[in-house]
Amino acid sequence: MSERKDFLRTIVEADLKSGKVKEVVTRFPPEPNGFPHIGHAKSIAINFGIARDYNGHCNLRMDDTNPTKEDTKYVQALKDAVEWLGFEWEGNVRYTSDYFSQIHDYAVQLIKMGKAYVDSLPEDEIREYRGTVKEAGKRSKYAERTIEENLDLFERMKKGEFKDGEHILRAKIDMSAANMKLRDPLLYRIRHVEHFRAGNEWAVYPMYDFAHCLSDYIEGVSHSICTLEFENNRDIYNWVLETLELTPPRPYQYEFARLGINYTVMSKRKLLELVDGGQVNGWDDPRLPTIAGYKRRGYTPESILAFCASVGIAKANSMVDVSQLEFCIRDDLNPKVPRVMCVLDPLKVTIVNYEGSEEIDSSYYPHDIPKEGSRKLPFSKNICIERDDFMENPPKDYFRLTPEQSVRLKGAYIITCKEVIKDASGNVVEIKVEYSKESKSGADTSGIKVKSAIHWVDENSAKEVEVRLYDRLYSVEAPEGIEDLNPDSLKVIKTALIEPAVIDEKPDVRFQFERQGYFYGDPVDYTDEKPVFNKIVGLKGSWDKKSKKTETRPKERVKKEQVDGEVVAMSQEQEALFAKYTEELQLNSEVSNTLARDAQLSAFYEEALSLLNSPVSLANIVTNEVARELKQVAVEALKFSVKDITELVKLIDDKTISNKIAKQVFEEMVKSGTNPKQIVKDKGLVQISDPAIIGTIIDEVIAKNPDNVEKFKAGNSKLLGFFVGQVLKATGGKANPQVVNQLVTQKLK
RNA sequence: UGGGGUAUGGCCAAGCGGUAAGGCACCAGUUUUUGGUACUGGCAUUCGGGGGUUCGAAUCCCUCUACCCCAUCCA
């Protein structure tokens, strides 16, 4: 709905505006044979989002045409995913299987029309007969069966009289179609298996290409949106609907690029392998890009939706960086969730000069988050801090506790290291510190400056919790198989220490563990006795990165060498034409080349030349403008004639119109076929070359854009185009651009 | 006898003949009791390469290159 729409919304809006579509109806049509992943989320966001934006509706339809693969347990996962993302489907959940009898009737109709036949070739022969990508296929002899035979056979197929694979129903289209999907595509196959919804009612099941378009039609879908790999299927989609002569309105298919994210896999097959192979713990393993996985990990629907919106919708295959997803969840959680303290790897700290205990009141939110809420932080002389928040021999830019450097215990006091206690093997096991009584948070009169504040917990009151640290599932950007798995994708810490309020008060389910990241109480394994937290995502952190950065070598920019392929040689006739154009007519070689190689174009050109002796202008317009139109339609279908073109060129040659106007006139000729002179007259397109008139306009433009004038004078010569454009715009394109150009340059000197 | 798509900074992505939006990432600075957040500034003389048309081209024409999809009785 924003100013900048994606291409699908652009199409939808145009259809609405033109009246082609009265109500926008979309559908999300997954096959219930696996758990939905974030790629499905993108599709859900698109289909439901478009329906919502244009006051239409979106159906949830299970595309259950293959009884051997689908299962009801996936249906639930799909419904859950849509609901979790916050969308509502229109009416009940639809199933392609609901339409089996209608689809069957359409098949019968096709047979009656002579557009479908029962083939009885064995599977491997069907494949063989299909031909290859470079060779035409050949039609099965069974394609000659009479309509009656086909009807009879299909009826018996349906009744279950034949075994699987014995016969098949196919459309009769074209076995030599360049688009292989059109080589008599299969419509129905025999399957003696129980369908999870239709039971044993059917012995034949429709194929995707037949069922999908008809289901869309039956549901009144206006825009059938799918992914790029179905581009080739669009021809059958249209063929079925057109051949059946269905009463309008009918749906149209549009394709967008599927979502790819680095360091993970998105194919159902690979996901299934991970689950079945035990590499992960089920479909909802938080490392998986499944919606169930993200949900369990702690991602919010808002963040997933924001991500889908941020990656856009286009037709270029792409691989989105995970950091974009991570940004979305941090961005969503930052203003929402309470900050608490949890020490993952505890180091014992004794505050030697502190006696007794106290409770410190501390807000759940930092100063910049306008939310209310606080808890009591127990404090005593025995506390724990994060092991890597202390270093005996720190690098210069280390801000935390060292023997020489004090730190603040967040929300509490400033401490100074006094003694480091080590075990026999030299590991630090405890540090003894002194605190400054005057440094209490909020009432600090100590005057001590510290570089950072670290998190901590009181040893006695802290609760032991399990924390599951998740990292990317794969260690390579574009993983192939399990050999690419990241061995450290899951680290379980069983002895993390968390402040008591998190467990006792449970202010939320999602938290920011200060200085570490966002965490989520695991919805499955969490119990009050054994709390479990999943790491959703880490904080951004520039410290870790800096230290890691030394490892990543700066990648050198390798400029890819462009190899120029061989250009096909010209035939003799083409060579002759080329020679004539370059030598006799003095055309430049590129134009001559284009003309000479295209028989249609050169014929058009020659004819024009016989009417008007202006070889160069004619060649230019034929090569550059007429050529475009000829790409779309045949010469006979052109609305303008050769003569029209010569007249157009005449207008240019005698300077009645500029090249710019000529383009405008040409466009009109393409659309209406009106004679160019008439167009120029009707629209008053005669060009303005009078420097006086143009000069005043330039002055106006200059007066209106002092900033740009300054920039231009400062050396930004690119702005010349801006000024020329403005003047041209002011004159409706009629100003002579060459004159404008000259004048602008002069005036801005 | 091949056909259908796609190429804009490290990653996404606008742009549709008037002179390269935005986000992520990255870098620098300010604020900060999170090495977080927020804020400020920087980050494409150039749009896969080469030609051509035009006063002017990422946008139009020609050509080359690279990548993706199609030969399941899968969807």
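Sequence lines set the chain letters: A, B, ... in the order given, protein chains first and strands last, and positions in each chain run from 1.
To the nearest 0.5 Å, atom NE2 of residue H40(A) and atom CG of residue L78(A) are 6.5 Å apart.
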task = Using a 4.0 Å heavy-atom cut-off, write out nucleotides 69-75 of chain B from 5' to 3' as B (base contacted by protein), S (sugar-phosphate only) or - (no contact).
result = BBBSBBB
task = Can you check each nucleotide of nucleotides 51-57 of chain B against protein heavy atoms at under 4.0 Å and return B for base, S for sugar-phosphate only, - for none, in 5' to 3' order?
result = BBSSB-B
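Nucleotides rG5(B) and rG48(B) have their C1' atoms positioned 16 Å apart, rounded to a whole Å. Going from the P atom of rG41(B) to that of rU33(B) covers 24 Å, rounded to whole Å. Using atom C1' as the reference point in both rC12(B) and rA71(B), the two lie 33 Å apart (nearest Å). Atom P of rA44(B) sits at a distance of 32 Å from the matching atom of rU32(B), rounded to the whole Å. Going from the P atom of rA66(B) to that of rC74(B) covers 35 Å, rounded to whole Å. Using atom C1' as the reference point in both rU54(B) and rG42(B), the two lie 35 Å apart (nearest Å). Across the C1' atoms, rC68(B) and rU31(B) are found 47 Å apart, a figure rounded to whole Å. Separating the C1' atom of rA57(B) from that of rC16(B) is a span of 12 Å, rounded to the nearest Å.
Side chain of N317(A), nearest nucleotide from rG35(B), rU37(B), rC68(B): rC68(B). Listed nucleotides rC62(B), rU6(B), rU34(B) differ in distance to A316(A); the shortest reach to its side chain belongs to rU6(B).
Annotation: salt bridge (Lys or Arg N to Asp or Glu O under 4.0 Å) contacts of K268(A) (sequence neighbours excluded): none. Residues passing the salt bridge (Lys or Arg N to Asp or Glu O under 4.0 Å) test with R191(A): none are found, sequence neighbours excluded. Take N238(A) and apply the side-chain contact (heavy atoms from CB on, under 4.5 Å) test, not counting sequence neighbours, and it matches R234(A), E242(A), R250(A).
Taking atom OH on Y237(A) and atom C1' on rG4(B), their separation rounds to 18 Å, with Å as the unit. At whole-Å resolution of the value, NZ in K315(A) and C1' in rG4(B) are 9 Å apart. Across the protein-nucleic acid pair, K540(A) atom NZ and rA25(B) atom C1' stand 8 Å apart, rounded to whole Å.
None of L228(A), N233(A), N232(A) except one satisfies the side-chain contact (heavy atoms from CB on, under 4.5 Å) rule with F230(A); the exception is N233(A).
Ring geometry, Y237(A) versus H212(A): the interplanar angle falls from 30° to 60°, so the pair is classed tilted. Aromatic ring pairs are classed by plane angle as parallel below 30°, tilted from 30° to 60° and perpendicular above 60°; the pair Y581(A) and Y605(A) is perpendicular. Taking the six-membered ring for Trp and thresholds of 30 and 60 degrees, F379(A) and Y413(A) have ring planes inclined between 30 and 60 degrees apart.
Ion pairing between K440(A) and D444(A) fails under the 4.0 Å rule for side-chain N and carboxylate O.
When each of M175(A) and V311(A) is assigned the nucleotide of RNA chain B with its nearest heavy atom, M175(A) is the one assigned upstream, toward the 5' end.
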Check: protein-nucleotides 42-47 of chain B nitrogen or oxygen pairs below 3.5 Å:
residue	atom	partner	partner atom	Å
rU46(B)	O4	K718(A)	NZ	2.6

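Side-chain atoms of R515(A) stay outside donor-acceptor range of the base of rG35(B), with no qualifying N/O pair under 3.5 Å. Residue-to-nucleotide contacts include a donor-acceptor pair under 3.5 Å from the side chain of R408(A) to the base of rU33(B). For Q324(A) against rG23(B), a side-chain N or O and a base N or O form a donor-acceptor pair under 3.5 Å.
Taking side-chain N and O atoms only, K5(A) has no distance below 4.0 Å to OP1 or OP2 of rA13(B).
Within 6.0 Å of NZ in K315(A) there are more than 12 heavy atoms belonging to other residues, nucleotides or ligands. The neighbour count for Q600(A) CD, taken as heavy atoms of other residues, nucleotides or ligands under 6.0 Å away, is above 12.
Stacking of F722(A) onto the six-membered ring of rG18(B) is not present when judged by under 5.5 angstrom between centres and under 30° between planes.
The distance between the ring centers of F513(A) and F519(A) falls below 6.0 angstrom.
Using a 4.0 Å heavy-atom distance criterion, F327(A) is classed as a sugar-phosphate-only contact.
Figure legend. rC67(B) is base-paired to rG5(B); pairs are counted as Watson-Crick or G-U wobble with both atom distances under 3.5 Å. Across all strands shown, rU34(B) forms no Watson-Crick or G-U wobble pair with both distances under 3.5 Å.
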